[in-house]
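Beneath this line is the structure, given in structure tokens, with notes to follow.
Counting begins at 1 with the first residue of the sequence.
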Amino acid sequence: MAAGATTDDGLSQAKVLLFRRRLMQWYRAHARELPWRGIVDPYRTWVSEVMLQQTRVAAVLEHYEQFLRLFPTIVALALAPEAAVLAAWSGLGYYRRARMLHKAAQFVVEELGAKIPQTSAELRTLPGIGEYTCAAIASIAFGESVAVVDGNVERVLLRVTGRAEDVTAAGRNFVRVEAGKLIPHKRISDATNSAGDHNQAMMELGAMICLPKAPLCLNCPVYELCRTRGEHATGPRGRQSSRPVAFLLATRKQGATTEVLLERRSAEASLMPGMLELPPLPLDAVEGREPMLTVRHSITNTNYYVSVYMESSQDERDATLRAAVPAAAEALEWYGVRTLGSLPLTGLARKVLKRIDLLSVAGPETPEQELARRQEV
């Protein structure tokens, strides 16, 4: 066997060392400046990694700083009501992440004296923390030599090693082994986190260069080591389905305040339980009507084509429109527009209310402040 060879189609030791060096040179020169990089607070690292799961960096940038202003420490998060956490998370989607982050924070505060575990094995015992998240926190916040494998890292490794996508247990294990080969096994110095920097560099390479479609191969620092140099073979993807839906926008004046009618989703709902949304309408109830707004909204593999219908005091049919809302009366409630920013709105409700300028980006009024104000009138 030739020097530096490997017994499988994975990376040889010589290529591992060269890959690491070229990757880190590129990362130090080209890494994006992001607010969760270069920090030494494991709580902030934890929040960022949970937010970044299946979510675009641009969306996380809109929420990360505001979330930490509301919940600056793990104790503050643990003590907050769930509704406040969901409100701060609104727009990021996958709300189970927020609920589990909240539960895990409560566990750390109540059972561990507010001290976040420092190893991936210990972090894995927390509610809602999976293999990816615990490896990311342990390496980035504490320097543990454990590889992070997300979709970006998997794509880089499959292309470098010249393998097609393989969703079997053997295929996943191959990626984990290759990622483990590449991870540095110790800190270079007290000021440098080798494992954490490497993991962030791998994810950055997949996010910025080794793109799913039309990868920027000529800009890749490990191009000469890559056996694919382009897109790799992948399995068929599930088709996006399309679904038309309709919602009611009902507003009223309460003194000097404008209020909006919202519906609270059932606590047993499979998606977004307990969240607030505009009241859904049956499609036959809006037949022949002109919507005030249409938007497209995607959730996982479904594209929703959304039509929003507004009540008008000049349209006699509106009494029929409100009556067509199938929700029980106790699920419907009026909320002042100044409180909307502090409510656990669904991402779609937030999108619509922003689009029609009812959801202010200025400091929101809390429900308690609204109650006090209304008592003064």
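- Side-chain atoms of Trp46 never come within 3.5 Å of backbone atoms of Val50 as a donor-acceptor pair (strictly under, hydrogens ignored).
- Residues Thr346 and Arg350 fail the side-chain proximity criterion, which asks for heavy atoms closer than 4.5 Å.
- The main-chain N or O of Ala147 is never found under 3.5 Å from a side-chain atom of His198 such that the two would form a donor-acceptor pair.
- Residues Gln25 and Tyr27 have side chains that never bring a donor and an acceptor to within less than 3.5 angstrom of each other.
- With hydrogens and angles ignored, the 3.5 Å screen pairs a side-chain donor or acceptor of Asn199 with a backbone N or O of Val146.
- Residues Asn303 and Ser242 have side chains that never bring a donor and an acceptor to within less than 3.5 angstrom of each other.
- With rounding to the nearest 0.5 angstrom, the OG atom of Ser307 is 13.0 Å from the CG atom of Leu248.
- A salt bridge does not link Arg172 with Glu131: every distance from a Lys NZ or Arg NE/NH1/NH2 to an Asp or Glu carboxylate oxygen is 4.0 Å or more.
- A donor atom on one side chain and an acceptor atom on the other are not found under 3.5 Å apart for Glu178 and Thr161.
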Criterion salt bridge (Lys or Arg N to Asp or Glu O under 4.0 Å) on Arg56 and Glu62, from CA distance to verdict: CA-CA 10 Å; Arg56 293 176 297 106; Glu62 295 175 5; over 6 Å; no
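- Judged by distance alone, the side chain of Arg176 and the main-chain N or O of Val149 form no donor-acceptor pair under 3.5 Å.
- A side-chain N or O of Thr55 and one of Arg97 form a donor-acceptor pair less than 3.5 Å apart.
- In summary, the side chains of Ser120 and Glu144 do present a donor paired with an acceptor at a separation below 3.5 Å, with no hydrogens or angles considered.
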Verdict with supporting geometry, Val352 and Phe247, side chain to side chain contact (heavy atoms under 4.5 Å, CB included): CA-CA 10 Å; Val352 170; Phe247 291 88; over 6 Å; no
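- His63 places no side-chain N or O within donor-acceptor distance of the main-chain N or O of Ala88, the cut-off being under 3.5 Å.
- Without hydrogens or angle criteria, Thr228 side chain to Gly230 main chain gives no donor-acceptor distance under 3.5 Å.
- Residues Arg252 and Trp334 form a side-chain contact, since some pair of their non-hydrogen atoms from C-beta on lies under 4.5 Å apart.
- Nearest heavy-atom pair, Ile116 versus Val108, reported as atom, atom and distance to 0.1 Å: N-CG1, 4.1 Å.
- Judged by distance alone, the side chains of Ser241 and Thr302 do bring a donor and an acceptor atom under 3.5 Å apart.
- Criterion: ILVMFWY side-chain heavy atoms under 4.5 Å apart, direct or through other members. Under it, Tyr94 and Met100 are not part of a common hydrophobic cluster.
- Cluster annotation: Leu281 and Leu332 are assigned to the same hydrophobic cluster (Ile/Leu/Val/Met/Phe/Trp/Tyr, side-chain heavy-atom contacts under 4.5 Å, transitive).
- Not a single donor-acceptor pair under 3.5 Å links the side chain of Thr339 to the backbone N or O of Tyr335.
- Heavy-atom minimum distance, Ser145 versus Pro184: OG-O, 2.7 Å.
- Distance alone, capped at 3.5 Å, places no donor-acceptor pair between the Lys351 side chain and the Gly91 backbone.
- The minimum heavy-atom distance between Pro35 and Leu61, with the atom names listed, is CD-CD2, 3.5 Å.
- Inspection of the Thr257 and Gln254 side chains reveals no N or O donor paired with an N or O acceptor under 3.5 Å.
- Using a 4.0 Å cut-off between charged nitrogen and carboxylate oxygen, Glu277 and Arg264 do not count as a salt-bridge pair.
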Full working for side chain to side chain contact (heavy atoms under 4.5 Å, CB included) between Ser48 and Met51: CA-CA 5 Å; Ser48 71; Met51 284 187 172; 5.7 Å; no
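- Within a 6.0 Å radius of CZ in Arg243, no more than 12 heavy atoms belonging to other residues, nucleotides or ligands are found.
- Under the 3.5 Å distance criterion, the side-chain polar atoms of Arg32 are left unmatched by any main-chain donor or acceptor of Met208.
- Between Ala324 and Pro282 the shortest heavy-atom distance is O-CD, 3.3 Å.
- By the 6.0 Å and 45° rule, Arg163 stacks over the aromatic ring of Phe174.
- Pro127 approaches Ala104 most closely through the heavy-atom pair O-CB, 3.4 Å.
- In this structure, Leu182 and Phe19 have side chains that are in contact, with non-hydrogen atoms separated by less than 4.5 Å.
- Closest approach of Ala138 and Leu123 over heavy atoms only: N-CD1, 3.8 Å.
- In this structure the side chain of Leu249 reaches within 4.5 angstrom of the side chain of Leu278, judged on heavy atoms.
- Glu49 and Tyr132 form a side-chain donor-acceptor contact under 3.5 Å, judged by distance and modelled atom types alone.
- Under a cut-off of 6.0 angstrom, the local environment of NZ in Lys103 is sparse, with at most 12 non-hydrogen atoms contributed by other residues, nucleotides or ligands.
- A heavy-atom distance below 4.5 Å is not found between the side chains of Val60 and Val57.
- Within the 4.5 Å cutoff, no side-chain heavy atoms of Thr119 are placed close to those of Phe142.
- Hydrophobic clustering of Ile, Leu, Val, Met, Phe, Trp and Tyr side chains at less than 4.5 Å, counting indirect connections, unites Val295 with Leu262.
- With rounding to the nearest 0.5 angstrom, the CG atom of Asp150 is 9.5 Å from the CG atom of Leu52.
- Leu225 places a side-chain heavy atom less than 4.5 Å from the side chain of Leu18.
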Glu165/Arg155 under salt bridge (Lys or Arg N to Asp or Glu O under 4.0 Å): CA gap, chis, key distance, verdict: CA-CA 8 Å; Glu165 184 180 57; Arg155 186 168 59 254; over 6 Å; no
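- The shortest distance between side-chain heavy atoms of Val325 and Pro280 does not fall below 4.5 Å.
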Worked verdict on Leu126 versus Leu112 for side chain to side chain contact (heavy atoms under 4.5 Å, CB included): CA-CA 11 Å; Leu126 300 181; Leu112 304 177; 4.2 Å; yes
Side chain to side chain contact (heavy atoms under 4.5 Å, CB included) between Val47 and Trp36, intermediate numbers included: CA-CA 9 Å; Val47 170; Trp36 47 84; over 6 Å; no
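- Between the side chain of Arg99 and the backbone N or O of Glu82 there is no donor-acceptor pair closer than 3.5 Å.
- Clustering ILVMFWY residues whenever any of their side-chain heavy atoms sit less than 4.5 angstrom apart, transitively, puts Leu205 in a cluster other than the one holding Leu17.
- Both Tyr304 and Met292 are assigned to one and the same hydrophobic cluster, defined by single-linkage of ILVMFWY side chains at heavy-atom distances under 4.5 Å.
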